[in-house]
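What follows is a short report on a single structure.
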Amino acid sequence: RAHGGISRTGAALVFLAVLTIALAPDILASRPPAQGRSACDLGIRWVEVEPGTVTMDAGNTARLVAVDRFLMSATEVTFDQYDAFCDAKGKRKPGDNGWGRGPRPVLNVSYDDAVEFCRWLSEETGWAARLPIEAEWVFAAQGGRHSKGYVHSGGNDKNEVSWNLHNSGGRTHPVGTKKPNELGFYDMSGNLWEWVADAPQADPRGPRDDSRRAVRGDSFDNPGNSGG
């Protein structure tokens, strides 16, 4: 769920912000990364999302937004993946709150950190990696054109599809260990909030304000009532 008033530094999201990566649609016609194969040796799995429409709330109004075809990472970016970026760039690694690194979703990353990771991945692979815009994220979380109208992303039982306040033990868990949604995306209703490229309540077709950004999803320390 998007949070208004989140600053780009991520100070209000000390351990609640993580990455989901999208690829520009033109990658499909040029050099698409195969699903289940690694990108830049990071083991990122990409899921293709077919074009469609999604209803987006903007303040007191709602609008139907067209979403083009794109690819997005099946899971939140892990510590293993983000640490490889830090090693390559000589960048200080974010803390893990004592919960462990490896396949757990990376935390303590700001919006600018997320953008820098995507820029580095683009340079390393030649693919246009970026954060998803909010409409893309919501469309993917709902299951895209294959949506079954679940309450949460992937099902109606929040504990089957998410790590939340009731089952997480107060910490994050390795990505991809809960039930995926209709398209094969994991943890879109729990584990950690995820940065998107938009400003809160901005035009859902894309970012217009570079000073403030939004997050989507839900977190290990939330009841898990978000549908994604």
Side-chain angles (χ1 to χ4, degrees), residues 1-25 44 46-49 51-59 62-78 81-82 105-119 121-122 127-144 147 152-154 162 175 181 183 185-219 222 226-228:
R1 182 174 301 175
H3 275 205
I6 304 278
S7 71
R8 295 181 70 189
T9 64
L13 296 174
V14 177
F15 44 82
L16 301 180
V18 337
L19 307 179
T20 301
I21 313 170
L23 292 181
I44 295 172
W46 303 99
V47 175
E48 179 179 345
V49 181
T53 57
V54 61
T55 300
M56 297 292 295
D57 293 326
R63 70 174 79 186
L64 195 65
V65 179
V67 177
D68 292 329
R69 180 180 281 105
F70 66 102
L71 293 97
M72 193 165 75
S73 56
T75 70
E76 299 160 327
V77 170
T78 66
Q81 293 160 349
Y82 193 84
V106 64
L107 45 81
N108 295 316
V109 292
S110 70
Y111 172 82
D112 289 334
D113 292 330
V115 170
E116 187 179 357
F117 176 88
C118 292
R119 185 180 300 118
L121 186 62
S122 298
W127 305 327
R130 57 171 172 79
L131 294 177
I133 62 171
E134 191 171 14
E136 290 173 335
W137 194 100
V138 172
F139 188 58
Q142 292 177 353
S147 175
H152 309 282
S153 180
S162 75
V175 302
N181 76 356
L183 294 177
F185 292 109
Y186 294 84
D187 299 312
M188 299 191 84
S189 288
N191 224 2
L192 283 180
W193 297 103
E194 303 173 14
W195 287 114
V196 294
D198 305 50
Q201 298 186 8
D203 185 328
R205 292 171 296 179
R208 290 180 179 240
D209 179 355
D210 289 334
S211 64
R212 299 167 79 80
R213 300 286 165 169
V215 291
R216 274 286 184 170
D218 218 320
S219 175
N222 242 29
S226 170

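Heavy atoms only: backbone and side chains are in, while hydrogens, waters and symmetry mates are out.
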Search all heavy atoms of Glu194 against all heavy atoms of Trp137 and return the closest pair with its distance. OE1-NE1, 2.8 Å
May I ask you to test the Asn191-Ser162 pair for a side-chain heavy-atom distance under 4.5 Å? no
Taking the side chain as C-beta and beyond, is there a heavy-atom pair between Val115 and Leu131 under 4.5 Å? yes
I need the minimum non-hydrogen distance between Leu183 and Gly144, along with the two atoms involved. CD1-N, 3.8 Å
Any side-chain heavy-atom pair of Met72 and Trp46 under 4.5 Å: no
Nearest heavy-atom contact between Asn181 and Ser153 is ND2-OG, 3.4 Å
Phe117 and ring-ring contact (aromatic ring centres under 6.0 Å, His included): which single residue from Tyr82, Trp195, Tyr111 fits? Tyr82
What distance do Phe139 atom CZ and Asp68 atom CG have between them, rounded to the nearest 0.5 Å? 10.5 Å
Please name the pair of heavy atoms, one in Asp218 and one in Ser189, separated by the smallest distance, quoted to 0.1 Å. CB-O, 3.2 Å
Arg216 vs Val138 side-chain heavy atoms within contact, under 4.5 Å: yes
One should read off an interatomic distance between Ser73 OG and Gln81 CD, to the nearest 0.5 angstrom, of 8.0 Å
Would you mind checking if Glu136 and Arg130 are paired as a salt bridge, meaning a charged N to carboxylate O distance below 4.0 Å? yes
Do Ser219 and Asn222 pass the side chain to side chain donor-acceptor pair (under 3.5 Å) test, and can you show the C-alpha distance, the side-chain angles, and the key distance before you say yes or no? CA-CA 5 Å; Ser219 175; Asn222 242 29; over 6 Å; no
At what distance, to the nearest 0.5 angstrom, does CH2 of Trp127 lie from CD1 of Ile44? 8.5 Å
For the residue pair Glu76 and Asp187, what are the closest heavy atoms and their distance? OE2-O, 3.6 Å
Could you report the tightest heavy-atom contact between Val67 and Ala135, atom names first, then the distance? CG2-O, 4.0 Å
Dump the intermediate steps for side chain to side chain contact (heavy atoms under 4.5 Å, CB included) on Leu192 and Leu107, then the final yes or no. CA-CA 8 Å; Leu192 283 180; Leu107 45 81; 3.8 Å; yes
